2 protein chains.
Amino acid sequence: MTEPVSRVERKERTRRAILDAALELSDESTLAAISLRQVAKQVGIVPTAFYRHFDSIDALGLALVDEAFASLRTMMRDIRRGDPALADIVDRSVSVLVDHVHGHRAHFLFIARERAAGPPGVRDEIRHQIELFERELSTDLARLPGTDTWSPEDLGVLSNLIVTAMVSTAESILSAAGRPDVEKQLVEQARTQLRMVLVGALNWRSKP
Amino acid sequence: MTEPVSRVERKERTRRAILDAALELSDESTLAAISLRQVAKQVGIVPTAFYRHFDSIDALGLALVDEAFASLRTMMRDIRRGDPALADIVDRSVSVLVDHVHGHRAHFLFIARERAAGPPGVRDEIRHQIELFERELSTDLARLPGTDTWSPEDLGVLSNLIVTAMVSTAESILSAAGRPDVEKQLVEQARTQLRMVLVGALNWRSKP
DNA sequence: ACTGTCAGTGTACGAGTGTTCACTGAGAGG
DNA sequence: CCTCTCAGTGAACACTCGTACACTGACAGT
């Protein structure tokens, strides 16, 4: 079963266990309210051993942010993959988002919490990553037909609106866990909102 | 100066001091990470005296939520007051929002944090209050001309989108404190987003 | 003037906190 | 084989934490 246990491999395994433990504890509390000792107890190591892997809880938080956004990036790739048929781009985007929220529930929960309440460094990093998403979306939108008359500024503004709506949708879905009817309604709402925004976009002229 | 100090008045004064202290401490941390003793020290009372006013930190949190949303309600009234001239309703709404964010910075900061990371009871209450705002906005929108063809569901969806965007704007402005140029840009972005949504709304037909 | 109420005090407790330090012992490299 | 590295140990430190308890003394009602 667990035969080849090299030294570095063992260390990496413990590191993972620490990350998972912190993620699990973040379910019920904030990172700022989690103690190094709680994490250590959950992992099954002595508190001081924690320092072999991270300098502080804050550093652990930054590592978790990296991890969470790495999985978000694969989500974006999933959305872009395949046809850019404008007709069902909305349905496709929303359903991929919902799938990822379910598949990476802990990560989304962590980001949602720490975005507002995490240590300053963690908050800044999350804000920065979300900003990167907006920029990516912006260049994607620029490739769409009908956006010729748009100024780059307006494209950015639109991207921000869409990303904000999707972040909000993800957070709502998280808090609707275990109530499939509520979730279904939220998904339908997200679809409608995207369509509304799209209708607005198609009738928009920059510098009106 | 401080002549008429009746008993109940003294108590109320201490209660206010506790609320203010908690609000101030929330600037740098989450309610869940704030200790009863920190609050007591800041107020200048002994820790056990805290219980004369609140059963727990959570109860304090709920009181703060009530207070914060009371001031938000006056904001809504400010927006509604006066002419419903559709032309400058956007500019008016945004500028009132910005004014209130500046005038009640601590309250907005508190809500933004606790909305995502507060104790469950506090989170639920905030969510509920925001939902009430959406409903209010929904009935306001229904009074606007051109919404005849709208279904009540779509009105709710649109309200949610607008409220979400405004909440996000408020949070962004909070984190842009001390950088007037960034704030100016955010305000302009909020205006543009509302206009985009409005354009979408005017071209919308329910059940397309 | 006498008395009851009650906001605030002071002490004490057991439990949990981050961080230090010297340590152990299994795996890696020569 | 023998040494070096280093993930994890365990005791000890000087705190902070929430809460229980008996208390004081100024105000309010009679």
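Every chain is numbered from 1 and lettered A, B, ... according to where its sequence line falls, protein lines coming before strand lines. The structure displayed is predicted, hence computed values, not measured ones.
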**Report entry** Any residue meeting salt bridge (Lys or Arg N to Asp or Glu O under 4.0 Å) with A:Glu188, in chain and number order, not counting sequence neighbours
**Finding:** A:Arg191
Report task. Find the distance between CG (B:Leu23) and NE2 (B:His104) and round it off to the nearest 0.5 Å. Result -> 11.5 Å
Listed pairs, N/O of protein and of nucleotides 25-29 of chain C, under 3.5 Å:
from, atom 1, to, atom 2, distance (Å)
C:dA28, OP1, A:Arg7, N, 3.3

Requested in this report: Please list residues of residues 40-53 of chain A whose heavy atoms come under 4.0 Å from any atom in DNA chain C, ordered by number; otherwise none.
Outcome: A:Thr48, A:Tyr51
**Report entry** Gap between atoms CG and P, on A:Asp58 and C:dG18 respectively (whole Å)
**Finding:** 12 Å
Query - Of all pairs that satisfy salt bridge (charged side-chain N to carboxylate O under 4.0 Å, His left out), the ones with a partner from residues 96-115 of chain B, not counting sequence neighbours - result: B:Arg115-B:Glu171
Requested in this report: Check side-chain hydrogen bond (donor to acceptor under 3.5 Å, both in side chains) between A:His128 and all other residues, then give those that pass, not counting sequence neighbours.
Outcome: none
Query raised in the report: Does any pair with a residue in residues 60-72 of chain A pass side chain to side chain donor-acceptor pair (under 3.5 Å), and if so which ones, sequence neighbours excluded?
Result: A:Arg16-A:Glu67, A:Glu67-A:His107
Can you give me every donor-acceptor pair (side chain of residues 172-179 of chain A, partner residue at least two apart or in another chain, under 3.5 Å) with its distance?
from, atom 1, to, atom 2, distance (Å)
A:Ser172, OG, A:Ser168, O, 3.0
A:Ser175, OG, A:Ser172, O, 3.0
A:Arg179, NH2, A:Ser175, O, 2.9

Query raised in the report: What's the spacing between B:Gln193 CD and B:Leu198 CG if we round to 0.5 Å?
Result: 13.0 Å
Query raised in the report: In residues 24-35 of chain B, which ones come under 4.0 Å of DNA chain D, going by heavy atoms?
Result: B:Ser35
Requested in this report: Tell me, please, the opening and closing nucleotides of DNA chain D, 5' to 3', among those with an atom under 4.0 angstrom from a non-hydrogen atom of chain B.
Outcome: D:dC17 to D:dA28
Requested in this report: Grab the CZ-P distance between B:Arg37 and C:dT17 for me, whole Å please.
Outcome: 16 Å
Indicate every side-chain donor-acceptor pair of residues 28-42 of chain B with a distance under 3.5 Å to a residue at least two apart or in another chain.
from, atom 1, to, atom 2, distance (Å)
B:Ser35, OG, B:Gln38, N, 3.1
B:Gln42, NE2, B:Glu24, OE1, 3.4
B:Gln42, NE2, B:Glu24, OE2, 3.2

Query raised in the report: With B:Glu12, which residues qualify under salt bridge (Lys or Arg N to Asp or Glu O under 4.0 Å), at least two apart?
Result: none
Query - Derivation of the salt bridge (Lys or Arg N to Asp or Glu O under 4.0 Å) call for B:Asp181 and B:Lys184 - result: CA-CA 5 Å; B:Asp181 51 325; B:Lys184 209 164 188 175; over 6 Å; no
Requested in this report: Mind calculating the distance between CD1 (B:Ile18) and P (C:dA7) to the nearest angstrom?
Outcome: 11 Å
**Report entry** salt bridge (Lys or Arg N to Asp or Glu O under 4.0 Å) between A:Asp78 and A:Arg92, intermediate numbers included
**Finding:** CA-CA 10 Å; A:Asp78 282 6; A:Arg92 177 171 186 74; over 6 Å; no
Query raised in the report: Taking only residues two or more places apart in sequence, or in another chain, which ones meet B:Arg135 in a salt bridge (Lys or Arg N to Asp or Glu O under 4.0 Å)?
Result: B:Glu131
Query raised in the report: Okay, side chain of A:Thr14, backbone of A:Arg10: is any donor-acceptor separation there less than 3.5 Å?
Result: yes
